[in-house]
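Both counts, for ligands and for their atoms, begin at 1 and track the order of listing. The analysis underlying the following values was restricted to heavy atoms, covering all of them including side chains, and did not include hydrogens, waters or symmetry mates.
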Amino acid sequence: MTVQQAAGPDPYFPANGDARYRVHRYELALDYRPGPNRLSGTARINAIAGRAPLPEFQLNLGDFKIGRIRVDGRQPHYTHRGGRLRVRPAKPLRAGAAFTVEVHWSGNPKPVASPWGGLGWEELTDGALVASQPIGAPSWYPCNDRPADKASYQISITTPSAYAVVAGGRLLTRTTKASTTTWVYEQSAPTSSYLVGLSIGKYQTVLLGDPGLGGVPQHGHIPSDLLPEFSRDFARQPAMMELFQDLFGPYPFDEYAVVVTEEELDVPVEAQGLSLFGANHVDGARGSERLVAHELAHQWFGNSVSIADWRHIWLNEGFAKYAEWLWSERSGGRTAHQHAAAAHRLLSTLPQDLRLADPGRKSMFDDRLYERGGVTVHAVRCALGDIAFFRMLRGWASLHRNGTVTTATFTSHASRFTSESLDQLFEAWVYGTRLPPMPSAETGIAV
Ligand SMILES: [Zn+2]
């Protein structure tokens, strides 16, 4: 059984994204005033029509006032309702044609309501934060909001000079004029819209580790009163970076930044080249170190190797969960096998009605998906043995770097690393709901 790649609307979020065209670059010029929470912006979007002529297309954008819109310099017809900006160019776009869309918008950004709470732009007591997974990106910019549509980004943000702006990617320039500062970031790696992260706040910036020759620059942006706790809690992140590069292959982006906001967050959130943590995730006692590993691992699994649509989210979360266990194993804590056994015991006490390969929208962030995802990766390790398993993982990260994948892409990839059939294993762990027995290195393919 395989899950086909979505060619049309996302099965979980049919109102988001438009598969009839793709974007290859966004240039966003934004002006943000934290006090009144006022955002105005201009987007220049370079896109390419798909295989069919495009009489109209859709962008997703929240509840803003729309100013000027142009398609290839000409005024189109458009409607803007329910977070969808439907644009009908003066002349239909030819199949395969490159085109440029320009959108001006302004208003008070607010989170997109979802079953998991507000997503996307969030106004903080003193600043703002963007964490969009899965459908929060339209809360602040017009986008083709589907994970498979990956584009490069240039983001320019002007805001009062007291605030620091942190976005994923490389800081190109920072220019102060009168009382405002403009920060320009370039993210050249193909990035899914939900992974464009942003933080505006009063931060102190520190360098983590020593990038040295060929090392990955890692910065932390923290409120200064949390610096002592942060310094201890994130001290081992450079060692994690080294371990993950050993196990998964080269870090996929140019740099990595972590932000700790002065407010609490339910969970930390990954973005491209950036992870966002809440004040509650630093305690000076490494209480959340597994999450530091989890978010870093997403840079390989989820961000660089992205899912084609949300049915495949276990490929992000199961692998990030397993990376937590690998970090534990390699840093003197419990072994991955012990973690997997504990997760298996927990899962055996919970309802067995969740299917990893297509859990349904309601269950995509269910804890069981994370735990079962981790144990499933462990089952693959037991079946392949360590040498083939880590070759398989490195191959997965390098073959699909900057690409998009499905569950079927993974099962056929993993199957190339053993002469034994993995069909039964995947049928039970990925496509079934009943919990298979705990895998072990001795039994190999335990189902
Ligand atoms: Zn995660």
Side-chain angles (χ1 to χ4, degrees), residues 12 114-117 119-120 129-137 147 168 191-197 199 233-234 237 240-241 243-244 247-248 251-253 256-261 264-278 280-281 287-328 336 339-340 343 346-347 354 356-357 359 361-378 393 396-397 400 404-405 407 410 430:
Y12 292 0
S114 86
W116 311 282
L119 302 170
L129 176 78
V130 171
S132 295
Q133 189 184 35
I135 49 162
T191 302
S192 305
S193 48
Y194 84 90
L195 286 171
V196 184
S199 178
D233 292 344
F234 284 74
Q237 185 184 280
M240 272 173 205
M241 178 68 86
L243 174 68
F244 288 172
L247 298 179
F248 312 148
Y251 177 74
F253 308 116
Y256 183 56
V258 292
V259 168
V260 178
T261 67
E264 303 204 339
L265 296 182
D266 289 346
V267 288
V269 188
E270 75 273 19
Q272 192 95 317
L274 171 69
S275 295
L276 307 160
F277 295 81
N280 50 315
H281 300 121
S288 297
E289 193 174 79
R290 71 171 187 87
L291 299 173
V292 177
H294 181 106
E295 301 312 323
L296 177 59
H298 271 312
Q299 301 301 324
W300 285 263
F301 308 116
N303 299 9
S304 168
V305 180
S306 305
I307 49 177
D309 66 65
W310 292 108
R311 289 174 299 180
H312 312 291
I313 187 162
W314 82 275
L315 293 172
N316 296 2
E317 300 307 343
F319 284 64
K321 172 61 77 178
Y322 200 67
E324 292 175 28
W325 300 347
L326 288 171
W327 167 249
S328 165
H339 280 287
L346 173 70
L347 286 164
L354 181 118
L356 279 189
R361 179 170 61 176
K362 273 214 308 258
S363 300
M364 56 187 282
F365 298 114
D366 191 311
D367 283 346
R368 291 174 299 162
L369 179 132
Y370 289 60
E371 302 293 337
R372 185 175 177 135
V375 187
T376 299
V377 176
H378 190 64
L393 265 193
W396 180 242
H400 300 288
T404 52
V405 295
T407 298
F410 176 68
V430 175

- [ ] Specify whether Tyr256 and Tyr251 have parallel, tilted or perpendicular ring planes, treating 30° as the upper limit for parallel and 60° as the lower limit for perpendicular.
- [x]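 The arrangement is perpendicular - the two ring planes meet at more than 60°.
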
So, are Lys321 and Glu324 salt-bridged, with charged N and O less than 4.0 Å apart?
->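 Yes, this pair counts.
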
List in chain and number order the residues that pass ring-ring contact (aromatic ring centres under 6.0 Å, His included) with Phe248, two or more places apart in sequence or in another chain; answer none if no residue qualifies.
->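 Counting only residues at least two positions away or on another chain, Phe248 forms a ring-ring contact (aromatic ring centres under 6.0 Å, His included) with Phe244, Trp300, Phe301.
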
Checklist entry - Under the ring-ring contact (aromatic ring centres under 6.0 Å, His included) test, which residues partner His378, sequence neighbours left out? => result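 His378: ring-ring contact (aromatic ring centres under 6.0 Å, His included) contacts with Tyr322, His337.
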
Report whether any nitrogen, oxygen or sulfur of Glu295 sits less than 2.8 Å from the Zn ion (ligand 1) (N, O or S, backbone or side chain).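 No - counting backbone and side chain alike, Glu295 has no N, O or S atom under 2.8 Å.
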
### Message
Between the Zn ion (ligand 1) and Glu317, which N, O or S atom of the residue is the nearest one?
### Response
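Of the nitrogen, oxygen and sulfur atoms in Glu317, the Zn ion (ligand 1) lies nearest to OE1.
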
- Item | the Zn ion (ligand 1) - closest N/O/S atom in His294 |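 When I compare the N, O and S atoms of His294, NE2 is nearest to the Zn ion (ligand 1).
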
